[in-house]
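Please read the structure below before turning to the comments.
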Amino acid sequence: MEITAKMVAELREMTGAGMMDCKKALVETQGNMDKAVDVLREKGIAKAANKQGRIAAEGLIECYIHGAGKFAAMAEFNCETDFVAKNPEFKEFAHNICMQIVANRPICVNVNEVPADKLEAEKAIYRAQLLNEGKPEAMVDRIVEGKINKYYEEVVLMEQVYIKDPDGKKKVKDVLAELTAKIGEKLTIRRFTLMVMGEGLEKRNDDFAAEVAAQSKAN
């Protein structure tokens with residue numbers, strides 16, 4: 001049986017599990033939604049969705065500095081208890097995420113945090129490109145939607161492929177859901193800051209030849 005994107009999305013909505021885990025469960029159960037839910041529950045992955053209503057006010061702030069102080073990321077990670085805040089796996093995840101922020105430079109944590117004006121600007125660019133390529137008007141919106149999903153994978157932290165996933169398939173949100181199920185508490189990435197040395201400053205660009213000529217005239 002063909003496993004469609006709609007089926008995967010529906011299972012994800014029901015369980016809160018990651019897209020890859022949902023697809024694997026559907027493949028394993030030959031598309032049977034109820035059995036797929038049971039598979040995810042047995043693996044402990046579906047439990048993550050039930051924890052989303054809880055309050056996660058404990059946690060830690062992790063930092064990562066790279067390139068002899070040229071790049072730095074600071075992020076806040078939340079959990080429900082101080083005990084989990086000291087969990088080695090939770091702390092390792094936090095460290096890896098800060099590394100990811102420095103390496104991949106996301107602009108926000110979740111899709112709903114992408115600035116509306118920036119999103120509309122991207123859509124306008126994609127539409128113009130497609131129309132210039134001669135794509136039929138009827139197809140443009142669907143193609144733009146696909147491009148926006150790719151855009152999310154580039155700029156939204158939770159949608160990016162996890163930097164430490166050996167297969168390069170799991171997204172940050174998938175790994176966070178798995179860790180939530182394993183530890184048994186609601187875990188969240190609340191916010192982050194990325195700092196790049198000199199970013200936004202006007203760089204000095206002296207004309208060395210002109211400087212030498214000016215000094216020669218002065219002498």
For Glu153 and Gln160, run side chain to side chain donor-acceptor pair (under 3.5 Å): C-alpha distance rounded to whole Å, both residues' side-chain angles, the deciding distance at 0.1 Å, then the answer.
-> CA-CA 5 Å; Glu153 291 174 1; Gln160 291 182 346; over 6 Å; no

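- Hydrophobic clustering (ILVMFWY, side-chain heavy atoms < 4.5 Å, transitive): Leu60 and Val84 are in one cluster.
- Phe192 places a side-chain heavy atom less than 4.5 Å from the side chain of Pro106.
- Contact check for His95 versus Tyr64: side-chain heavy atoms found under the 4.5 Å cut-off.
- Under the 4.5 Å side-chain heavy-atom criterion for Ile, Leu, Val, Met, Phe, Trp and Tyr, Met20 and Leu179 are members of distinct hydrophobic clusters.
- A distance-only check finds a donor-acceptor pair linking the side chain of Asn87 to the backbone of Phe90 [under 3.5 Å].
- Residues passing the side-chain contact (heavy atoms from CB on, under 4.5 Å) test with Glu10, sequence neighbours excluded: Met14, Met33.
- In this structure, Met74 shares a hydrophobic cluster with Ile61, the cluster being traced through Ile, Leu, Val, Met, Phe, Trp and Tyr side chains under 4.5 angstrom apart.
- Hydrophobic clustering (ILVMFWY, side-chain heavy atoms < 4.5 Å, transitive): Leu26 and Val39 are in distinct clusters.
- Pairing each heavy atom of Glu185 with each of Thr180, the nearest pair is O-CG2, 3.0 Å.
- Partners of Met19 according to the side-chain contact (heavy atoms from CB on, under 4.5 Å) rule, which considers only residues two or more places apart in sequence or in another chain, are Val8, Arg12.
- Between the CZ atom of Phe71 and the CZ atom of Arg105 there is a distance of 5.0 Å, given to the nearest 0.5 Å.
- Note on Lys182 versus Glu89: salt bridge recorded, some NZ/NE/NH1/NH2 to OD/OE distance being below 4.0 Å.
- Counting heavy-atom neighbours within 6.0 Å of Lys24 NZ, excluding the residue itself, gives a total of 12 or less.
- A donor-acceptor pair is defined here as one N or O able to donate and one able to accept, closer than 3.5 Å; no such pair exists between the side chain of Glu120 and the backbone of Asp117.
- Val161 is not connected to Ile101 by any chain of hydrophobic side-chain contacts under 4.5 Å among Ile, Leu, Val, Met, Phe, Trp and Tyr, and they are in different clusters.
- The pair Glu80-Lys186 fails the salt-bridge criterion, with no side-chain N (NZ, NE, NH1 or NH2) lying under 4.0 Å from an Asp/Glu carboxylate O.
- Its side chain outside the 4.5 Å cluster rule for every partner, Met195 clusters with none of the Ile, Leu, Val, Met, Phe, Trp and Tyr residues.
- The shortest distance between side-chain heavy atoms of Val175 and Phe93 falls below 4.5 Å.
- Here the side chains of Val172 and Glu159 are not in contact, with every heavy-atom distance at 4.5 Å or above.
- Residue Glu145 places its CD atom among 12 or fewer non-hydrogen atoms of other residues, nucleotides or ligands, all under 6.0 Å distant.
- We find that Glu137 and Arg127 are joined by a salt bridge, their nearest charged nitrogen and carboxylate oxygen being less than 4.0 Å apart.
- Using a 4.0 Å cut-off between a side-chain N of Lys or Arg and a carboxylate O of Asp or Glu, Glu178 and Lys170 qualify as a salt bridge.
- Side-chain atoms of Asp174 come within 3.5 Å of backbone atoms of Lys171 as a donor-acceptor pair (strictly under, hydrogens ignored).
- A salt bridge is absent between Asp165 and Lys169: the closest approach of a Lys/Arg side-chain nitrogen to an acidic carboxylate oxygen does not fall below 4.0 angstrom.
- At distances below 3.5 Å, at least one donor-acceptor pair connects side-chain atoms of Glu113 with backbone N or O atoms of Val109.
- Tyr162 and Asn96 share a donor-acceptor pair across their side chains, judged by distance under 3.5 Å alone.
- The minimum heavy-atom distance linking Leu11 with Cys22 is given by the pair CD2-O, 3.5 Å.
- Taking the side-chain hydrogen bond (donor to acceptor under 3.5 Å, both in side chains) definition, one finds that Gln30 meets it with nothing, sequence neighbours left out.
- In the hydrophobic clustering (ILVMFWY side chains linked at under 4.5 Å, chained through shared members), Val155 is joined by Ile107, Val111, Val114, Leu119, Tyr126, Leu130, Leu131, Met139, Val140, Ile143, Val144, Ile148, Tyr151, Tyr152, Val156.
- Counted within 6.0 Å of NZ on Lys23, heavy atoms from surrounding residues, nucleotides or ligands total 12 or fewer; the atom is thus considered open.
- Hydrophobic clustering, with ILVMFWY side chains joined whenever heavy atoms are under 4.5 angstrom apart, groups Val102 together with Val196.
- Atom CD in Glu76 sits 10.0 Å away from atom OG1 in Thr193 (nearest 0.5 Å).
- Interatomic distance, Glu58 CD to Thr81 OG1, rounded to the nearest 0.5 Å: 7.5 Å.
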